[in-house]
Number of protein chains: 2
Amino acid sequence: MSDEASARVRLLWGPHPKPSRGPKPALSLDRIAQAGVGIADTEGLGAVSMQRVAGQLDFTKMSLYRYVPGKAELVALMVEAAIGEAPPRTGAGGDWRGQLGDWAHRLGEVFAQHPWLLDATVGPRLPGPRELTWMERALAALDGTGLTGAERMDALVLLVGHVRGIVAQSRAAGPAGEPEARFLAPLAELMRTHGADYPALTAAMASAAQPGGHDRALDFGLNRILDGLGALIAQRAG
Amino acid sequence: MSDEASARVRLLWGPHPKPSRGPKPALSLDRIAQAGVGIADTEGLGAVSMQRVAGQLDFTKMSLYRYVPGKAELVALMVEAAIGEAPPRTGAGGDWRGQLGDWAHRLGEVFAQHPWLLDATVGPRLPGPRELTWMERALAALDGTGLTGAERMDALVLLVGHVRGIVAQSRAAGPAGEPEARFLAPLAELMRTHGADYPALTAAMASAAQPGGHDRALDFGLNRILDGLGALIAQRAG
DNA sequence: CGAAAACTGTGTCCGATGGACACTGATGAT
DNA sequence: ATCATCAGTGTCCATCGGACACAGTTTTCG
């Protein structure tokens, strides 16, 4: 109804009526989004500002406002650009477990390649077509199981929450070389001084510093979730 | 090592050596944190700025910098203040399932009361003593199960990820009255126009608009997780 | 063919943000 | 009594997102 809201929807969902008169646009939504993604990939979402993105494209900050209503919408475009095409349906129709596992792994890879997606997707926002396609794929994998629609949505939220949690943890551990010393070292120092107050935590961390890393953590939670879902599905079927 | 990092640790973990000479401080870390929490609770984390918090306490913005190195540290204090005391150990020592379920519910309540905690706890940061105590409680519940330390950590990440996911979803749905129309209505409109491209999603959403709400969604995922953990624990024991 | 309309990109301005720094006072140890 | 120490203030700055008016360019219509 409100044209501001509908403009926001149209930006992500189209249509994009191309103007007939006037000079041809020198930029495009795609180029702008890509520039933003590039900055966010290398310097984080905090480094993405209007002037920064415009500068990357050798344009003025205000030029961008001809294409994008505001920064929130720019970030939305960046999310759609970074999330990429949803993975195609894999495996047979009945193998919901394999499909969901594969889906979660691919989602984890996307988050790993664009860690700022975590920051960009907190809070209420409007999903784009690609994001909805991702959701569609996961939900379609649960077709044929006896789960209700609400349960399928809940299972999806559960999966996404887990992947996000793993990525957040892996980002805190600092795979990008040096940040490791900025958060893991102070925490290790803390455990050395206050560790006595957290016996279970110290015990768990002592044996948690294993190889395998976050892929193992992702698979651990994933297997628990899929086991739990499997139990429910089997119960519904039997 | 760096005094900037150690100052950040000392802010959350103490000690706070009180100065002998000079005028007595008119403010305190606690009052500052509480003021910030109050603002964030009513207007969101975005409304929290140095001047805003200072104004709430009838002080100048720069006064706060006598107590807090910067805004990031202020937010860290707010998180510690809002997260509250960790729940005491409940139930018997062996009832890991009941304990974890209770723990997750209490964590969900904290997030529900302070939705901005979602925004404030993205990205790498230094945990405070209360936050670590929360973690300690959950890990302690898994004592006696045959899980390794790494597995217990993974289980914790899994639980937290789920609770966060549920809170994020419930915030998007908009429990606070009017925001519902700003994100659910456009999405419903989208499903009406583009719904044909997302058959599984439309089917799931159609039956998902049930009563029960997010408590049900929280319990659904929680039960799946606990079922999955139970299967692993039983396997290790047997 | 010429004029008007529509559109693009730019320059300038604004309020608010986080933060640096020098300064004035107040206080307590010596 | 003196003086180092510390609290709160005032001023200044770069940067942020964004509003607005303007000049230049291109297409359509009279």
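Below, chains carry the letters A, B, ... as their sequence lines are ordered, and counting in each starts from 1.
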**Student:** Measure all distances between protein nitrogen or oxygen atoms and nitrogen or oxygen atoms of nucleotides 25-30 of chain D, and list the pairs falling under 3.5 Å.
**Tutor:**
residue : atom : partner : partner atom : Å
D/dT26  : O2   : A/Gly22 : N            : 3.4

**Student:** Holding to salt bridge (charged side-chain N to carboxylate O under 4.0 Å, His left out), I want the full list of residues that pass it with A/Arg130, two or more places apart in sequence or in another chain.
**Tutor:**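 Residues passing salt bridge (charged side-chain N to carboxylate O under 4.0 Å, His left out) with A/Arg130: A/Glu85.
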**Student:** Could you tell me which non-hydrogen atom of B/Pro127 sits nearest to which non-hydrogen atom of A/Leu190, and how far apart they are?
**Tutor:**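 The pair with the smallest heavy-atom distance is O-CD1, 4.3 Å.
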**Student:** Can you tell me which residue pairs pass the salt bridge (Lys or Arg N to Asp or Glu O under 4.0 Å) test with a partner in residues 33-60 of chain A, sequence neighbours excluded?
**Tutor:**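 Sorted pair list: A/Glu43-A/Arg52.
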**Student:** Under 4.0 Å, heavy atom to any atom of DNA chain C: which of residues 49-61 of chain A qualify?
**Tutor:**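 Those residues whose heavy atoms fall under 4.0 Å from DNA chain C, taken from residues 49-61 of chain A in numerical order, are A/Phe59, A/Thr60.
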**Student:** What is the first contacted nucleotide of DNA chain C and what is the last, in 5' to 3' order, if contact means an atom lying under 4.0 angstrom from a heavy atom of chain A?
**Tutor:**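 Reading along DNA chain C, I get C/dA5 to C/dT12.
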**Student:** Are any side-chain N or O atoms of B/Tyr67 and backbone N or O atoms of B/Pro25, one a donor and one an acceptor, separated by less than 3.5 Å?
**Tutor:**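 No: the side chain of B/Tyr67 does not pair with the backbone of B/Pro25.
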**Student:** In terms of relative ring orientation, are B/Trp13 and A/Tyr198 parallel, tilted or perpendicular, with 30° and 60° separating the classes?
**Tutor:**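 Rings of B/Trp13 and A/Tyr198: perpendicular, as their planes differ by over 60°.
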**Student:** If you take any heavy atom closer than 4.0 Å to DNA chain D, which residues from residues 36-45 of chain B end up in contact?
**Tutor:**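 Contacting residues: none.
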**Student:** Whole-Å distance between D/dC16 P and A/Leu64 CG?
**Tutor:**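 Atom CG in A/Leu64 sits about 13 Å away from atom P in D/dC16.
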**Student:** If you round to the nearest 0.5 Å, how far is CG of A/Asp102 from CG of A/Leu107?
**Tutor:**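 Result: 11.5 Å between the selected atoms.
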**Student:** Under the salt bridge (charged side-chain N to carboxylate O under 4.0 Å, His left out) rule, collect the residues that match up with A/Glu136, sequence neighbours excluded.
**Tutor:**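 Listed in chain order: nothing, the list is empty.
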**Student:** Which residues pass the salt bridge (charged side-chain N to carboxylate O under 4.0 Å, His left out) test with A/Arg152, not counting sequence neighbours?
**Tutor:**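 Expected list: A/Asp143.
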**Student:** Just verifying a value: how many Å separate B/Arg66 CZ and B/Thr60 OG1, rounded to the nearest 0.5 Å?
**Tutor:**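 The distance works out to 11.5 Å.
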**Student:** Report the C-alpha separation of B/Arg106 and B/Glu109 in whole Å, then their side-chain angles, then the decisive distance to 0.1 Å, and conclude whether the salt bridge (charged side-chain N to carboxylate O under 4.0 Å, His left out) test is met.
**Tutor:** CA-CA 5 Å; B/Arg106 289 179 189 268; B/Glu109 289 168 12; 5.7 Å; no
**Student:** Looking only at non-hydrogen atoms, find the nearest pair between B/Gly36 and B/Val53 and report the distance.
**Tutor:**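 Nearest heavy atoms, B/Gly36 then B/Val53: CA-CG2, 4.1 Å.
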**Student:** Give the residues of residues 70-79 of chain A touching DNA chain D, defined as any heavy atom closer than 4.0 Å, sorted by residue number.
**Tutor:**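 Those residues whose heavy atoms fall under 4.0 Å from DNA chain D, taken from residues 70-79 of chain A in numerical order, are A/Gly70, A/Lys71.
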**Student:** Below 4.0 angstrom from OP1 or OP2 of D/dA7, is there any side-chain N or O of B/Tyr67?
**Tutor:**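 Checking D/dA7 against B/Tyr67, no side-chain N or O comes under 4.0 Å of OP1 or OP2.
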**Student:** Rounded to whole angstroms, how far apart are CZ on A/Arg66 and P on D/dA21?
**Tutor:**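 Taking CZ of A/Arg66 and P of D/dA21, I get 12 Å after rounding.
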**Student:** When you compare the side chain of B/Met78 with that of B/Leu45, does any pair of heavy atoms fall below 4.5 Å?
**Tutor:**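 Yes, their side chains come closer than 4.5 Å.
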**Student:** My understanding is that only residues two or more places apart in sequence, or in another chain, count here; which of them pass side chain to side chain donor-acceptor pair (under 3.5 Å) with A/His105?
**Tutor:**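 Partners of A/His105 by the side chain to side chain donor-acceptor pair (under 3.5 Å) criterion, ordered by chain and then number, come out as A/Asp219.
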**Student:** When rounded to the nearest 0.5 angstrom, what is the spacing between CZ in B/Phe111 and CG in B/Leu218?
**Tutor:**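 Going from the CZ atom of B/Phe111 to the CG atom of B/Leu218 covers 12.0 Å.
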**Student:** Measure the distance from CE on A/Met62 to P on D/dG24 and round it to the nearest whole Å.
**Tutor:**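 That distance rounds to 19 Å.
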**Student:** Supply the atom-to-atom distance B/Leu77 CG to B/Ile32 CD1, rounded to the nearest 0.5 angstrom.
**Tutor:**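 The CD1 atom of B/Ile32 is 8.0 Å from CG of B/Leu77, to the nearest 0.5 Å.
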**Student:** Ignoring hydrogens, what is the shortest heavy-atom contact between B/Ala138 and B/Leu100? Give both atom names and the distance.
**Tutor:**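 B/Ala138 and B/Leu100 have their closest heavy atoms at O-CD2, 3.6 Å.
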**Student:** Using side chain to side chain donor-acceptor pair (under 3.5 Å) as the criterion, list what pairs up with A/Thr121, not counting sequence neighbours.
**Tutor:**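 With neighbours one apart ignored, the set is A/Arg164.
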**Student:** Is a donor on one side and an acceptor on the other found under 3.5 Å between the side chain of A/Glu73 and the backbone of A/Gly70?
**Tutor:**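 Checking the backbone N and O of A/Gly70 against the side chain of A/Glu73, a donor-acceptor pair under 3.5 Å is found.
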**Student:** Quick one, which residues of residues 9-16 of chain B touch DNA chain C with a heavy atom under 4.0 Å?
**Tutor:**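 Residues of residues 9-16 of chain B under 4.0 Å from DNA chain C: none.
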